[in-house]
Amino acid sequence: MLTDNHGRKINYLRLAVTDRCNLRCFYCMPEDGLNWLSRAQLMTYEEMLQTCALLVGMGIEKIRITGGEPFVRKDIMKLLTAISKLDGLKELTLTTNGVLTAPHVSELKQIGVKSVNLSLDTLDAGRFFSITKRDEFANVMATMDELLKHDIEVKINAVVMDGKNTQDILPLVELTKELPVSVRFIEEMPFNGNGHVYSGIKWDYVRILDEIKTAYPGIVKLEDPEYSTSYNYQVPGYLGSVGIIAAYSRTFCGTCNRIRITPEGELKTCLYDNGVLNIKDQLRAGISEIDLKTMLLTTFNTRAKDGWEAEQLRTENVRIHESMATIGG
Ligand code: SAM
């Protein structure tokens, strides 16, 4: 079992396979995109697979593929299929915006994907366009239908943004009446790719819950699964459930079991650190597996206590300036 210097189990890897995205959600990246990574800067699929195999051998049990948008990287199903075959891996999952995903759902089912996080901040096509700058609402909804048809669990990620989509909170809760989906409201984080740092947020988890409780006073608290980042609830009689993720308030660091690898191969042991080891550089320098393993273990043993400490320790740039697309949200 892998543990860190604070006694927390590490068994979950989030691997971002590209920084590119086919949406332009304003809270994630500027409308004219990012300074995209070149092919040489990206980890190759071989490097990703080699890294995943090593980490699974060390104790990683769950891998989530994210990005950028995973489905904009060519042949992503090949990587997913190869990872799904790793001995010792218990769960392979992914986070997607759903724009290009629907045609791949039956193959995802075949390779054993049981749950998918689908990003959807509104049920209104007009607001979808104003948030994402792309007219793709129908494709996202088609992906949701397809996932449900294939009995793949759907977790909807909705970032709550003051003045943009707070009117969507209750309709999204209402979606759980007829559909067995889990709608998770996420506090907006400062990873918007334009260096705009907030001194706080207007819609934190307490306010989001208050808004929901006002309309649904009978909503009940569910038991949160181990390592859950969300506080989970259900409206009695509804098929789905509702979660709130305090991503900005960082209330879940004490049980954090996850590490991240960016498209450039940078290992992050906290969402808020700015990278603690570049795995791609080590692989390209010809490091042996045993040496890489030792380096990884050292890194896990010097992990920040929480997201506040990690943010304080950022070396390159004290201020957060990157986009969530380069981190793997
Ligand atoms: N393209 C995929 C998608 O849209 O799901 C995966 C990558 S995206 C960066 C992963 C998640 O991060 C999405 O649910 C997105 O809403 C969330 N995200 C991006 N920027 C964020 C921010 N500034 N605050 C909170 N969540 C954010």
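All values reported here derive from a predicted model rather than from experimental measurement. The basis for the numbers below is simple: all heavy atoms, side chains too, and nothing from hydrogens, waters or symmetry mates. Counting begins at 1 with the first residue of the sequence. Counting starts at 1 for both ligands and their atoms, in listed order.
Here is the list of ligand 1 atoms found below 4.0 Å of a heavy atom in Cys28: 19 (C), 20 (N). Remark: ligand 1 atoms within the under-4.0 Å shell around heavy atoms of Met324 are 9 (C), 12 (O), 18 (N), 19 (C), 20 (N), 27 (C). Near Glu187, meaning under 4.0 Å from any of its heavy atoms, are these atoms of ligand 1: 25 (C).
The number of heavy atoms from other shown groups lying within 6.0 Å of NZ (Lys133) is above 12.
The side chain to side chain donor-acceptor pair (under 3.5 Å) with Tyr238 is formed by just one residue from the set Glu174, Glu178, Lys177; it is Glu174. Considering Thr3, Val276, Asn5, Ile259 in turn, Ile259 is the only one that fulfils the side-chain contact (heavy atoms from CB on, under 4.5 Å) rule with Phe300.
Considering backbone and side-chain N/O of Met189, one or more are found under 3.5 Å from N/O of ligand 1. Not a single N or O atom of Glu188, backbone or side chain, sits closer than 3.5 Å to an N or O atom of ligand 1. At least one N/O-N/O distance between Glu69 and ligand 1 falls below 3.5 Å.
Looking at Thr96 against ligand 1, only its backbone comes within 4.0 Å, counting heavy atoms. The part of Thr66 lying near ligand 1 is the side chain, judged by heavy-atom distances below 4.0 Å. Both the backbone and the side chain of Asn97 come within 4.0 Å of ligand 1, counting heavy atoms alone.
Aromatic pair Tyr12/Tyr227: centroids not less than 6.0 angstrom apart.
Under a 4.0 Å heavy-atom criterion, Gly68 is in contact with ligand 1.
The closest side-chain donor-acceptor pair between Asn301 and Asp4, if any, does not fall under 3.5 angstrom. No hydrogens or angles considered: a donor-acceptor pair under 3.5 Å links the side chains of Thr96 and Glu69.
Looking at every heavy atom in both residues, Met144 comes nearest to Ile156 through SD-CD1, 3.6 Å.
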